[in-house]
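Fair warning: this is a prediction, and the values are worked out from it, not measured in the lab.
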There are 4 protein chains.
Amino acid sequence: MSQTETRSRRPEPARPGRPRSARADEAILQATLELLAEEAGVAGISMEAVAARAGVGKSTVYRRWPNKERLIVDALAALKRPLPDPAGGSVRDDLLALAEAMCRERSAKHGRCLWNVLGGADKYPELLARYHREVIEPRREIIRRVLRRGVETGELRADLDVEAAIEMLVGAMTLQSRAPAATAPPEDLAERVVDTLLRGIAA
Amino acid sequence: MSQTETRSRRPEPARPGRPRSARADEAILQATLELLAEEAGVAGISMEAVAARAGVGKSTVYRRWPNKERLIVDALAALKRPLPDPAGGSVRDDLLALAEAMCRERSAKHGRCLWNVLGGADKYPELLARYHREVIEPRREIIRRVLRRGVETGELRADLDVEAAIEMLVGAMTLQSRAPAATAPPEDLAERVVDTLLRGIAA
Amino acid sequence: MSQTETRSRRPEPARPGRPRSARADEAILQATLELLAEEAGVAGISMEAVAARAGVGKSTVYRRWPNKERLIVDALAALKRPLPDPAGGSVRDDLLALAEAMCRERSAKHGRCLWNVLGGADKYPELLARYHREVIEPRREIIRRVLRRGVETGELRADLDVEAAIEMLVGAMTLQSRAPAATAPPEDLAERVVDTLLRGIAA
Amino acid sequence: MSQTETRSRRPEPARPGRPRSARADEAILQATLELLAEEAGVAGISMEAVAARAGVGKSTVYRRWPNKERLIVDALAALKRPLPDPAGGSVRDDLLALAEAMCRERSAKHGRCLWNVLGGADKYPELLARYHREVIEPRREIIRRVLRRGVETGELRADLDVEAAIEMLVGAMTLQSRAPAATAPPEDLAERVVDTLLRGIAA
DNA sequence: GGCTAAGCGAGACGGTACGTCCTGTCTTCCT
DNA sequence: AGGAAGACAGGACGTACCGTCTCGCTTAGCC
C-alpha cells in the first residue's frame, strides 16, 4: 500500500524483475476485509485464510506485509473514506451531516473492522499512531474547520473550546458503537447530540 | 469468579472433596491483570503464561473459567471500582469530579486493560454485553442521577436530553485514551469538556 | 527412543505429569518407516505426513524428536535386527549364512530405508556416527568372531587380515544394492563371494 | 551439459537470438560442486543458492537443466576422472594402483559429492542408472580387464569368478567412506585388501 | 483413622496458525 | 532471443498456544 503510493509518486525507478501483481494486492486486501467482517478481530482471522480466499500463495502476502497486524492496518486504511466535506450551510446542518455520517459508519461493515482492530492496539503502538495520523486526524480537521467557520460567522460563541467540542462530538458518536450489537443506537442520536452540544445543558 | 460469588452467597452446599483453593483464584486473577497490562489485548496473553505466572497448573485455571475470554472479563470486573458517588455539591462540581475520575482512570493500569480487551469484542458478544451491564451501566447511572438532580434543582435546563449528554461526556473522556501513548491529554481536559457541555457552543 | 530406554532402565523416577503415550511412539516410528519406504530419502518425507499417517499431532512428534533427521535415525534403529548369530558349523557355512542374510536384507523394505537415509549423511555426522556405533559395528563383530574362530580351529590361515576380510565381505554384499533397481543381483552372489574370499584369486 | 554436448557435436545449427553464455554454464556447475561439498546431499543445496553463488538468475539455471537432480548429476559427471589405466605390470601391482586410486578418491572433495548424491537415489532412478552407466561401469571394466589378463597370464586361477572379485574389491574400497569422518581408513588398507583377495582366507 | 471424592501441579495430547524458506514457473526490462 | 532480477502458487519447516486429557499427590468432610 504505502509502497505502492511511494512508487507511484515518483515516475517509477524501473526496478528489475517481475513487478508485483496489482490484482494480488487487491485480492488480498479484499479478502482481509471480508474475513475481518465475517470473523472478528486481529485474532479471528488467519493469514492462511486470507491467502486462500484471495487465491494467492502465503508468500505473496508476506512479501507485501511483514505480519498480520500490518496487513490489517493497511486493509483498514483502504476504507478510510474521508467524511463528506460538508456543503457549507448553517453550522448546525454541517455538524448534523457529519454526525450522521459517523453514526452510519458505526453500523457499516468497516466500522466494525476498525473497532475490532483498535482493541489490541497497545501492542502495536505504531499501528495505532499511523491510524491516528492518517485516518482520525484528517476527520477531526474537517469538524475543526466547521467549528472555526462557525466562530467567524458568529453562529458559535467566540470563546468556544474547539478541541473539547470535537472530543465530545466524536466521542459521543463513536463510543456508542461499543454497545452490544443488539442495542441499536436511536435513529435520532445524531440530532440530539448536536443540539445538546449547541445549546449546552445549563439552564 | 462468578462461581465464587454464587457459592459465597448461599451458606456452602458442602460439596464433597477438596475445596478449591482461594489462593489459586487470587493468584490467577492477579497474574491475568499483570499480563494484561504488560502485554496487550486478549490475543496478547496466553493461558499458559497466566498459569505459569500464577504458579498454578493449567487445569486449575480451566476448572474455574471455560476459556481465555471468560477469565479476562472476570479479571477486569475485579477492577470495576465504582465511580466516586459525587458529594452532591453543584452540578458542575459533581460532573467535574466524575470527569476527572474517568480521566485519571484512562492512564491507570486497568484503564489500558479495558481498552485492550474491548477491542476484540465482536467475537465475544456476551463478554461485551456482560461488561456493559455490570460495569458501564452502573457508571452511567451515576452521571444520570447527577443530571436529573440538576434538572430538578433548576441548575440544568428542563428540556435536557439526558442520554445525549451522558454520551457526550463519557465519549469525550474515554475516546481520548485511544490516542498514541505519547499524546497525553491536556491536564484540564475534564474541566474544558464539562464547561463546554454546560454552556453549549452556540453563540 | 533413547529416552524410553534410559527411563525404563532405572525403576522409573516417577516424573510428574501425564506420561508419554507408548502408542504414539510406535505409531510415529511405524509411519516414518512406511513413508521412508514408499517415498524416498530424508527429503522425501515430511513431518506433517508422518504425523498425519500416525494419527498424531505434530507437536507429539516434535516433543520426542527435535527434527526430521533425529526421527529418521531412530526409526531406522528400530529395524536394526541383529544378524542371525551363526549356528557354529564350518566357517564357510557360517559366512554363507551371514552373506545371504545381508543379501536378503538388501531387497527388503528396510534395506532401502537405510540407503535412502545414509545418502544425505554428511550433513548430519552424528546421525551417521550413531548409526555406525549402534548398527554397523555390532554386525561386524559377529563376522569378526566367526573369522577369529576359524583361525583358532585352523580352518582359516593364521596370518589372516581379519579387518580387510570383513571389509571385503560386507562391501561386496552391500555395494550391490546401489545398482539400479532393475539389476537384480544374481541368486548365488553370496556363495560366489564367500568362495572367492576363501580361496583367493591367485593361482 | 547434455544440451551443450549435443550442440557442440554438430557444427551449430545457427539458432537465432543471443547465444547462451558459456561463462554461465561454468559458473553454475562450479557453484553446484562447491555447495555440494560444503553443504550436503541433494536436499542440502538449493537452486536459489546455486544461482546466487554463480551470480546468475534462476531462469538461467532452469533453462539449462530441468530440475535440481539433473543439474547435480551433470555437475558430478564433470569430475568423473577415469581411473588411471594401469601400466600393465604384475596383476598385484595393477590392482594395488587401482585400489589406492579409489582409496584416495574417497577422501577427495568429489568423493563426498558422489556419496551425498547417491543417498537419495531411490527417488531418482534414472539419475542412479545414468551414473552407473557412465561412471561406475567404465571403472569396473578397467578392473575386469586386469583380472582377465591375470587369468590369461596364469597369475590368477583359471576358475576365477571375475564379477565376485570386482564386487569385493570395489565394495571394500568404497564402503569405508561411509564411516564417520573422524575414522580415517588405515594407510595400508588398499594393500591389505588386495593381498587378502589374492591369497584367500582359507588355510 | 480410614474412605471417598474432588482439587492440585505437571505436562502430554490432537490441532491450528504462525512466519520462514525453497521449488519450479512466470513476467518484466535490459543487452 | 538470452540474461538478471524477482514475483508467483504451493507446501514443509519448526514454534507457540489452544483447550482437553491423564498422571500421582494432596486435602478436606464423613463415617
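- Contacts of B/S21 classified as side-chain contact (heavy atoms from CB on, under 4.5 Å), with partners at least two apart in sequence or in another chain: B/R23, B/A24, B/R64.
- Take the nearest nucleotide of DNA chain E for D/M47 and for C/T60: the residue whose nucleotide is more 5' is C/T60.
- With DNA chain F read from its 5' end, the first of the two nearest nucleotides for B/P66 and C/A49 is the one closest to C/A49.
- For the pair B/E48 CD and E/dT16 C1', the computed distance is 14 Å after rounding to whole Å.
- A donor-acceptor contact under 3.5 Å is formed by the side chain of B/K58 with the base of F/dG19.
- Under the side-chain contact (heavy atoms from CB on, under 4.5 Å) criterion, D/Q30 pairs with D/E34, not counting sequence neighbours.
- We find that OH of A/Y62 is positioned 17 Å from P of F/dA7, with the value rounded to whole Å.
- Nearest heavy atoms, A/A75 versus A/T32: CB-CG2, 3.7 Å.
- For D/R63 and F/dG2, the CZ to P distance is 6 Å, given to the nearest whole Å.
- Here the side chain of C/K68 pairs a donor or acceptor atom with the backbone of C/I45 at under 3.5 angstrom.
- Nearer the 5' end of DNA chain F, as judged by each residue's closest nucleotide, is the contact made by A/A54, out of A/A54 and B/N67.
- Taking atom CZ of A/R70 as the reference point, atom C1' of E/dC18 lies 17 Å away to the nearest angstrom.
- By the side-chain hydrogen bond (donor to acceptor under 3.5 Å, both in side chains) test, A/E26 pairs with no residue at all, sequence neighbours left out.
- For B/A54, the side-chain contact (heavy atoms from CB on, under 4.5 Å) partners at least two apart in sequence or on another chain are B/A27, B/I28, B/A31, B/V56.
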Please write out each protein N/O paired with an N/O of nucleotides 22-27 of chain F under 3.5 Å, distance rounded to 0.1 Å.
{"unit_1": "F/dT26", "atom_1": "O2", "unit_2": "B/R18", "atom_2": "NH1", "d": "2.8"}

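- Look at CH2 on A/W65: it is 15 Å from P on E/dC18, rounded to the nearest Å.
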